[in-house]
There are 2 protein chains.
Amino acid sequence: MAAKQHELATDLERRIAAGEFSETNKLPTEDQLIEQYGASRYCVRGAIAVLAEAGEVFPVRGSGVFVREDREGMYMPISTSYGIAADFPDRKVVSMVRELALTRTDEKLAKRMRCDVDAPVWRVVRLRCVDDLPISYETAWYLKEYVPFLNEEIASGSLYRYMREDLGLRFGFTDKVIHMDWLGAEAARQLGLEEGDPAICIEDDAFLSNGKLFNASYNLYHYKNAKFYSMASMR
Amino acid sequence: MAAKQHELATDLERRIAAGEFSETNKLPTEDQLIEQYGASRYCVRGAIAVLAEAGEVFPVRGSGVFVREDREGMYMPISTSYGIAADFPDRKVVSMVRELALTRTDEKLAKRMRCDVDAPVWRVVRLRCVDDLPISYETAWYLKEYVPFLNEEIASGSLYRYMREDLGLRFGFTDKVIHMDWLGAEAARQLGLEEGDPAICIEDDAFLSNGKLFNASYNLYHYKNAKFYSMASMR
DNA sequence: TAGTGGTCTAGACCACAAA
DNA sequence: TTGTGGTCTAGACCACTAT
C-alpha cells in the first residue's frame, strides 16, 4: 500500500500526460487539489514535491504550479534511478548477460562494499541496449547476503524490479561518481567501439533503506548513444 | 531572513563537522531536536531533509538519523550547485575571463533561451581553476533583462554570488544535459590539453524561481581534473 | 514492548505575483 | 487587493528497529 502522496502524484502524472492541463500549463491550486482528492494540504504538497523533484512541474509562489515542457530525445536520469528498465518504459530494453558468477570479495572490493573480505558476492557483467543500441557495459556486484539467488534469466531482465518486488528489498539511496575513462578491449568490442575510445564512467554504490550497501557497479557508457540529464531545485 | 529549517540545518551541519555525534554517528532523535531548538517537528524534519538531500545524513525508520561518511577527494556536485565557488569553499577558485561582451541572441540561442531573437545577452567565456588546476572551459550567456550590468571584475569572481546577493535574483532550478564531447583548438589550449581530446560536457540551463530562464551555458571539463558525484534518495 | 522515523490532519500566518 | 504557494505549529496514528 503506497502512501497517499504517491497515489496523488501518480494520478496527477496521469492527468498531465492526458493533457488535462495543457491549456493553461498549470495544475489546479493546492486548495482545489485538496478538494478534488479529499486530502490534506500536507499530502497535496507532498505529491507536488514528488513531481517537482522529477522535473515535471515547478511551483511559483503566488502564482501556481506550472507544468514543464517535455524533454525531447533519449536521456538517462543521472540522479535517482530504479534501473535502466524503469527509465525507458516505452522502449525495448535488453540486457545481455556476459558473465554471472558467485564469487568472493577481494580486499579492494570488500573495502568499497563495506563488508568482510571473502564475502560471497554475485558478479554480473552485462551489455545493456535500448532500442537495439548499445548503451553501457556494466560490471556489478551484489552481496549474496541481500540477494541470495540470481540466475541468467533474472539478470537478463530488470534486476532492480526483481530485488524490489520478488526479494522485498527496500532501496534507500545511491552514491555516484562520474568521470572520464577509456575503453578496454573487451568493453570496446561489446559496445561496438574501438579500444582506447573515451567513455563516460559512472561508479555507483547503492544502499538499502537501512543504510547497508548491497550493490556496487562500474558502468562504461557509449559516448554516442548515452546522454544524461539532471534536474535540480536551487533552493 | 532564512527559514527556520535552514537555520537548523546549518547549525546541525556545524555540529556534525565539530564531531559532536562522531561517537554514535547518529543525530539526536527528532523529539530531542524539537526540545533543543524549541522548534516544531515540521522544522526539525525539514532540516534533516536538507541534510539528507545533501547526502550528509540518512534517516532509518525506527532507528535514527545516521551521519554518513565523508567523501574524500575533490568532486563536483552534479545536481544542485550555486556555482563552482560555493562548491569548494576551502579551495582557491579562480575564474579567468577570456571573453566578455554584450551581444544579441541568434536564432538558435534564442530558441534555447526561450527569448526573442536579437535579445541582448552577455556572453562570458571563462577558464575555471581550482587550486591552480584547470577544471573547465565555460561559455555562458546571461540575459541582460535579468543581469543588467556585468564587468570583468565581477565575472572573475562568483557570478552566482553577484546575481543572488547584489542583483537580488532568486534561483529556481537547473536542467543539465551531460554527454561526451571533444575539445576544439582553443578549449584545448586553455585547459592545457590536446585538440581532439575527449571531455565531459555539461549543458546547463538555469531558471529563476519564477520559472524564467536567465542563464545558459556550455561547459567542457578537464578529463583528468574534474570528477563529479551525485547522491540521491531512491524513495 | 519501547523507541524512532514516516504519514497524515487541521489550522494559522507569511511572502510573493498578478490584477 | 486577492489569490497563490511557503513556512510553521500541535497533535495523532502508523511502520519499522531494537531489545
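Protein chains get the first letters and strands the later ones, always in sequence-line order, with residue 1 at the start of each. What you see is a predicted model; the values in this text were computed from it and never measured. Both backbone and side-chain heavy atoms feed into the values below; hydrogens, waters and symmetry mates do not.
Taking atom CD1 of residue I48(A) and atom P of nucleotide dG6(D), one finds them 8 Å apart after rounding to whole Å. To the nearest angstrom, P of dC16(D) lies 14 Å from CG of L208(A). Rounded to whole angstrom, the span from the NE2 atom of H6(A) across to the C1' atom of dT7(C) amounts to 11 Å. Distance CD (Q32(B)) to C1' (dG5(C)): 13 Å, rounded to an integer number of Å. Counting to the nearest Å, the P atom of dG5(D) and the CG atom of L33(A) are 8 Å from each other. The CZ-C1' distance, from R45(A) to dT7(C), rounds to 16 Å in whole Å. If you take NZ of K26(B) and P of dT17(D), they are 13 Å apart, rounded to a whole angstrom. Note: CG (N210(A)) to P (dG5(C)) measures 15 Å, nearest angstrom.
Each of T29(B) and F66(A) lies near DNA chain C, and the nucleotide nearest T29(B) is the one positioned closer to the 5' end. Ranked by how close their nearest DNA chain D nucleotide is to the 5' end, S63(B) and P28(A) are led by P28(A).
Residues L51(B) and E13(B) meet the side-chain proximity criterion, which asks for heavy atoms closer than 4.5 Å.
For E23(B), the CD atom counts as loosely surrounded, since its 6.0 Å shell holds 12 or fewer non-hydrogen atoms of other residues, nucleotides or ligands.
The distance between the ring centers of F228(B) and Y221(B) falls below 6.0 angstrom. A distance below 6.0 Å separates the ring centres of F214(B) and F171(B).
Listed pair K4(A) / dT9(C) meets the phosphate criterion, a side-chain N or O lying under 4.0 Å from OP1 or OP2.
The side chain of R170(A) lies closest to dT17(D), out of dT17(D), dT9(C), dT7(D). For V65(B), whose side chain is taken as the heavy atoms from C-beta onward, the closest listed nucleotide among dT9(D), dG5(C), dG5(D) is dG5(C). The listed nucleotides are dC8(C), dC16(D), dC8(D); the one nearest the side chain of Q5(B) is dC8(D). In this structure, the nucleotide among dT9(D), dG5(C), dT9(C) sitting nearest to the side chain of R41(B) is dG5(C). With distances taken from any side-chain atom of Y42(A) to the nucleotides dA17(C), dC8(C), dA15(D), the minimum falls on dC8(C).
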Practice task
Take D175(B) and R68(A) through the test salt bridge (charged side-chain N to carboxylate O under 4.0 Å, His left out) and record every step on the way to the result.
Solution key: CA-CA 11 Å; D175(B) 275 356; R68(A) 297 190 58 185; 2.7 Å; yes

